[in-house]
Amino acid sequence: MTESSSALPAVALSLPFRVAALSPRKPTRFDITANAAQCRDLARDLGLGKLDRLTFKGEIRPQGRHDYVLIADLDAQIMQPCSVSLQPVRTVISETVRRVYLADFVVPVGDEVEMPEDDTVEPLPETIDAGIVATEALTLSIPLYPRAPGVELQTASFAEAGVAPLQDVDLKPFASLAALRARMSGPDGGDGDES
C-alpha cells in the first residue's frame with residue numbers, strides 16, 4: 001500500500017451497484033443497517049455526539065432506456081449537544097430520499113453557471129453507491145442548531161454606561177432612513193419641504 005492510498009479516508013457506509021450490472025427492467029432493492037462501528041465512525045465524521053441507529057431501505061429502478069432513479073427511506077436517531085445549553089438533544093430523522101441519474105445529463109460549464117432547479121438530478125455514474133447516498137442524506141438532515149426542550153435563546157445587550165445598546169431593529173437597512181424621514185416630517189405631517 002502506498003503512502004497516498006493509506007491517507008484516503010475510509011467510507012463508513014458503502015453499498016456500490018455497478019450501473020452496467022443493474023437490471024434495465026426491474027428494480028434492484030437494497031437494505032442498509034449501519035452496525036455499531038459504522039455508527040461510531042459516522043458520528044465522528046459528522047461531528048455528532050452519537051448516532052444510535054441508521055437504516056436506508058429502498059431500490060434503484062430503471063427509468064426510460066438509460067436512466068435510473070434511487071428512492072429509499074432514511075431512518076436515523078442522532079444525539080447532538082444543544083446549541084444553547086450543551087445538554088444532549090436526541091433527534092429522530094425519517095425521510096424519503098430520491099436521486100435521479102440521467103445518462104444524458106450535461107454538467108453546466110462557464111463563469112456564470114445556473115444550477116438546475118431540481119437538486120435530485122445527477123449525471124449517471126458508473127457506480128451508484130447507496131451507502132454514500134445515505135451518508136449525504138443524513139448529513140443534509142442534521143439540525144444546524146439543535147435546541148433542548150424548554151431552552152430559549154436569551155438576548156444579551158452590551159454597551160458603555162449612558163449609551164443605548166444596539167438592537168436588531170437598528171441593524172435593518174432602512175431603519176435609519178425611516179428615522180430620518182420621521183425627523184424631516186413637519187409638525188403638520190408634511191414632508192418638510194419649504195415652499
message = Looking at every heavy atom in both S141 and L74, which two are closest together, and how far apart are they?
response = OG-CD2, 4.4 Å
ask   = So, Q87 side chain and C82 main chain: donor-acceptor pair closer than 3.5 Å or not?
value = no
key: Minimum heavy-atom distance between S94 and D75, given as atom pair plus value   = OG-OD1, 2.8 Å
ask   = Between the side chain of D31 and the main-chain N/O of K57, is any donor-acceptor distance below 3.5 Å?
value = no
query = Any side-chain heavy atom of L138 sitting closer than 4.5 Å to one from L51?
reply = yes
task = State, yes or no, whether a side-chain contact exists between P125 and Y101 at a heavy-atom distance under 4.5 Å.
result = yes
query = Is there side-chain contact between V69 and R98, with at least one heavy-atom pair below 4.5 Å?
reply = yes
message = Quick check: is F105 connected to V100 through a chain of hydrophobic side chains (ILVMFWY, heavy atoms under 4.5 Å apart)?
response = yes
ask   = Just wondering, do L46 and T139 contact through their side chains at under 4.5 Å, heavy atoms?
value = yes
query = In terms of hydrophobic clustering (I, L, V, M, F, W, Y; side-chain heavy atoms under 4.5 Å; direct or indirect links), are V133 and L22 co-clustered?
reply = yes
Hydrophobic cluster identity match, F30 and L124, side-chain contacts under 4.5 Å = yes
request  = Decide side-chain contact (heavy atoms from CB on, under 4.5 Å) for Q38 and T135; before the verdict, give the C-alpha distance in whole Å, the side-chain angles of both, and the deciding distance to 0.1 Å.
outcome  = CA-CA 11 Å; Q38 290 168 326; T135 304; over 6 Å; no
remark   = In short, A130 meets F56 closest at the heavy-atom pair O-CE2, 3.4 Å
task = Kindly give the heavy-atom pair with the smallest separation between T127 and V19, and that separation in Å.
result = N-CG2, 4.3 Å
ask   = What do the steps show when you test R90 against I78 for side-chain contact (heavy atoms from CB on, under 4.5 Å), and what is the final call?
value = CA-CA 6 Å; R90 284 195 188 284; I78 63 174; over 6 Å; no
Under 3.5 Å, side-chain donor or acceptor atoms of residues 60-68 against the rest of the protein: list the pairs with distances, not counting sequence neighbours.
unit_1, atom_1, unit_2, atom_2, d
R61, NE, E59, OE2, 2.8
R61, NH2, E59, OE2, 2.8
D67, OD1, A103, N, 2.7

request  = Apply side-chain contact (heavy atoms from CB on, under 4.5 Å) to I142 and Q80, showing your working.
outcome  = CA-CA 9 Å; I142 295 171; Q80 302 170 267; 3.3 Å; yes
ask   = Charged N to carboxylate O under 4.0 angstrom, E126 versus R18?
value = no
query = If you round to the nearest 0.5 Å, how far is CD of Q77 from CG of D52?
reply = 4.5 Å
inquiry  = Check for me, please, whether I71 and L13 land in the same ILVMFWY cluster - side-chain distances under 4.5 Å, paths through other members count.
reply    = no
query = Honestly curious: do I32 and F17 fall in one hydrophobic cluster under the side-chain, below-4.5 Å linking rule?
reply = yes
query = If every non-hydrogen atom of A148 is compared with every non-hydrogen atom of V89, which pair is closest and at what distance?
reply = N-CG2, 3.6 Å
